[in-house]
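Just follow the structure's listing: the first ligand is 1, and inside any ligand the first atom is 1.
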Amino acid sequence: MSATTTLKLEQGLDPKNWETLRKLGHRMVDDMFSYLENIGEQPVWQAIPPEVKEAFAEPVPQEPEGANSAYEQFHRNILPYPTGNIHPRFWAWVSGTGSAGGMLAELLSGAMNSSGHGGDHAAVYVERQVISWLKQALGYPAEASGLLVGGGSMANFVGLAVARNTKPGWNVKTEGLANRENPLSVYCSTETHSSVVKAVELLGLGSNGLRQIEVDGNFRIRVDHLRQAVAADRASGKRPICVVGNAGTVNSGAIDDLTALADFCREENLWFHVDGAFGAIPAISPRLRPLLRGMERADSLAFDLHKWMYMPYDVGCALVRFPQHHRDTFAYGAAYLNSQTRGLAGGPEWFSHYGLELSRGFRALKVWFSLKEHGLQTYQALVEQNVAQAQYLGELIAGDRRLELLAPIPLNVVCFRYRGNLEDEATMKQVNQEILLRLQESGVAAPSATVIGERFAIRVANVNHRTRREDFDILVREVLRLGSEISGGH
Ligand SMILES: *Cc1c(COP(=O)(O)O)cnc(C)c1O
């Protein structure tokens, strides 16, 4: 049998008719602009009806349904049920808003489909440029290395991995951690984000290797307690390697005394990592940067661009002050990854030598595009605006005796509850939980919840460029109305 008799008609994934797909593409772009333009008129969130959930249980499509049909289904079953974080009254967790220009940049990077692992092509240079801009914007040392990652969790992992490989005093890359007499320990406050706990566990230190230190009345790490803990651990044969400082805790936006932590780490020869997932970003503003004094001294810094820089998901950044330690932690030689001095595999040091991932998307383009589109000044103004809006909400709460503020507002996070005439804690918790659920289910607003000193708190984290002060007027009005309704006029 000759080869030609078994040769099938060759095919690919490009459209059979480019004009048809082009038309659909134009319609999509138009639809999505209208969608974003009018997003404030939609409910913040709505529950997915059971029949729509059923559609998500359909088996894998065997036959082509076509792009037009897929788009119709997207319109019917997917688009009406977003998280809500693009809406002006969404303040749950710390979820960024994205932007219309960012959406277009995603289209461009989707078309190029470059892999950012390394090589001599534009995506690599754009990422290098963006990292350099971010260092300038935050006031972090220019000699630092860095890479874009999926988010703050991965950025914390990268920083802590470099700490773990650099500080123990033996070659962790070859020797690992097994059979070592001195267990490594890492320090942070009780307010530190769970991604730090996760990273410490995955790096083989065990959650027992993470010492969570008490906080003061402003939810900042007690540096005196930290000092005692490190001394006690050294005395008992542990090997302290790293302190994690918070630049903006997830609960209340508290900022640790980063200068005191930097001093302490220098005295004690410890790695100083800062989790600044959202709270590092105010350093771009000359007016707010003093709040973060000491952050520029961190040995590694983790922050997100998809939270308080309003970039589309997902993109975060890890910076490391010592490029050699950074590279030593992740670089790997493999024949199939040989870099060259010329050709496609030439160019600068590969990004895959600075992180866990090899294939990586072209995340840098949306960062580059957004900063070009709006300029850093716009981001400075927006971050200041969010902080001022949080103060405004704080004033509304403080000005009404039916409401109670549960934590200071150092940045953009506001924790409060309805009190009315309620007396006991259990009822207050029930009522506030119900207020929160009804706010979300009615589609009016989406704060989230947390617990502040055993008190149930309605929590607003404002990283939203679409929010206006009136949106907080609406929130407060609704909380008061629902509080009175649920507590039967109390
Ligand atoms: C969101 C957040 C993280 C995790 O970042 P992701 O981008 O969600 O992975 C870490 N620390 C703090 C303080 C955060 O707010």
Side-chain angles (χ1 to χ4, degrees), residues 83 85 90-98 102 134 138 146-161 163 186-203 210 212 215 218-221 242-256 258 261 273-283 291-292 295 298 300-319 355-357 360-361 363 366-367 383 386-387 390 407 409-415 447-450 452 457 459-464:
T83 324
N85 54 310
F90 188 98
W91 309 294
W93 309 297
V94 190
S95 298
T97 331
L134 293 170
L138 293 171
L147 85 165
L148 298 182
V149 291
S153 303
M154 185 53 104
N156 280 329
F157 178 85
V158 168
L160 290 169
V186 173
Y187 302 79
C188 65
S189 86
T190 50
E191 292 291 302
T192 301
H193 192 264
S194 56
S195 60
V196 169
V197 185
K198 236 192 225 183
V200 166
E201 288 171 4
L202 288 170
L203 288 165
L210 184 68
Q212 296 198 261
V215 290
N218 290 319
F219 305 100
R220 292 150 55 105
I221 190 168
C242 174
V243 174
V244 179
N246 289 309
T249 60
V250 67
N251 268 338
S252 67
I255 302 166
D256 288 336
L258 301 175
L261 292 182
H273 175 78
V274 170
D275 176 7
F278 66 95
I281 299 302
L291 292 172
L292 294 154
M295 187 175 83
S300 50
L301 174 62
F303 59 97
D304 269 318
L305 298 161
H306 57 215
K307 287 179 175 173
W308 217 354
M309 284 292 280
Y310 322 99
M311 310 249 172
Y313 283 109
D314 52 12
V315 57
C317 181
L319 297 176
L356 192 59
E357 293 171 319
R360 309 160 64 240
R363 292 187 179 109
K366 60 195 171 195
V367 183
V383 169
N386 286 152
V387 170
I409 309 172
L411 280 178
N412 59 335
V413 182
V414 182
C415 292
S448 58
T450 192
I452 301 282
R459 174 180 164 284
V460 165
N462 184 17
V463 291
N464 194 324

With a 3.5 Å cut-off and sequence neighbours excluded, list the donor-acceptor pairs that the side chains of residues 311-319 form with protein atoms.
from   : atom 1 : to     : atom 2 : distance (Å)
Tyr313 : OH     : Gly96  : N      : 3.3
Asp314 : OD1    : Arg363 : NE     : 3.3

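- Applying the 4.0 Å criterion to heavy atoms of Ser195 picks out, from ligand 1, the atoms 10 (C).
- Put simply, the side chain of Ser448 gets close to the backbone of Trp93: a donor and an acceptor are under 3.5 Å apart.
- Between Tyr310 and the options Asn464, Asn386, Ile281, a side chain to side chain contact (heavy atoms under 4.5 Å, CB included) holds for only Asn386.
- With hydrogens and angles ignored, the 3.5 Å screen pairs a side-chain donor or acceptor of Asp256 with a backbone N or O of Ile221.
- Taking atom 11 (N) of ligand 1 as the reference point, the nearest protein heavy-atom neighbour is Asp275 OD2, 2.7 Å.
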With side-chain contact (heavy atoms from CB on, under 4.5 Å) as the test, would you mind laying out the steps for Leu147 and Arg360 before giving the verdict? CA-CA 11 Å; Leu147 85 165; Arg360 309 160 64 240; 4.0 Å; yes
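- In this structure, Asp304 contributes its side chain and Gly152 its backbone to a donor-acceptor pair below 3.5 Å.
- Nearest residue to atom 15 (O) of ligand 1 from Lys307, His193, His306 is Lys307 (criterion: closest heavy atom).
- Contacts of Phe278 with ligand 1, taken as heavy-atom pairs under 4.0 Å, involve the side chain alone.
- Less than 4.0 angstrom separates some heavy atom of Asp304 from each of these atoms of ligand 1: 5 (O), 6 (P), 7 (O).
- When each atom of ligand 1 is checked for a heavy atom of Gly248 under 4.0 Å away, the hits are 13 (C).
- In terms of protein heavy atoms, atom 6 (P) of ligand 1 is closest to Gly152 N, 3.3 Å.
- Residue Ala277 approaches ligand 1 through these ligand atoms, each under 4.0 Å from one of its heavy atoms: 2 (C), 3 (C), 10 (C), 11 (N), 12 (C), 13 (C), 14 (C), 15 (O).
- A donor-acceptor pair under 3.5 Å links the side-chain atoms of Thr249 to the main chain of Ala254, judged by distance alone.
- Taking only nitrogen or oxygen atoms, main chain and side chain alike, Ser153 reaches within less than 3.5 Å of ligand 1.
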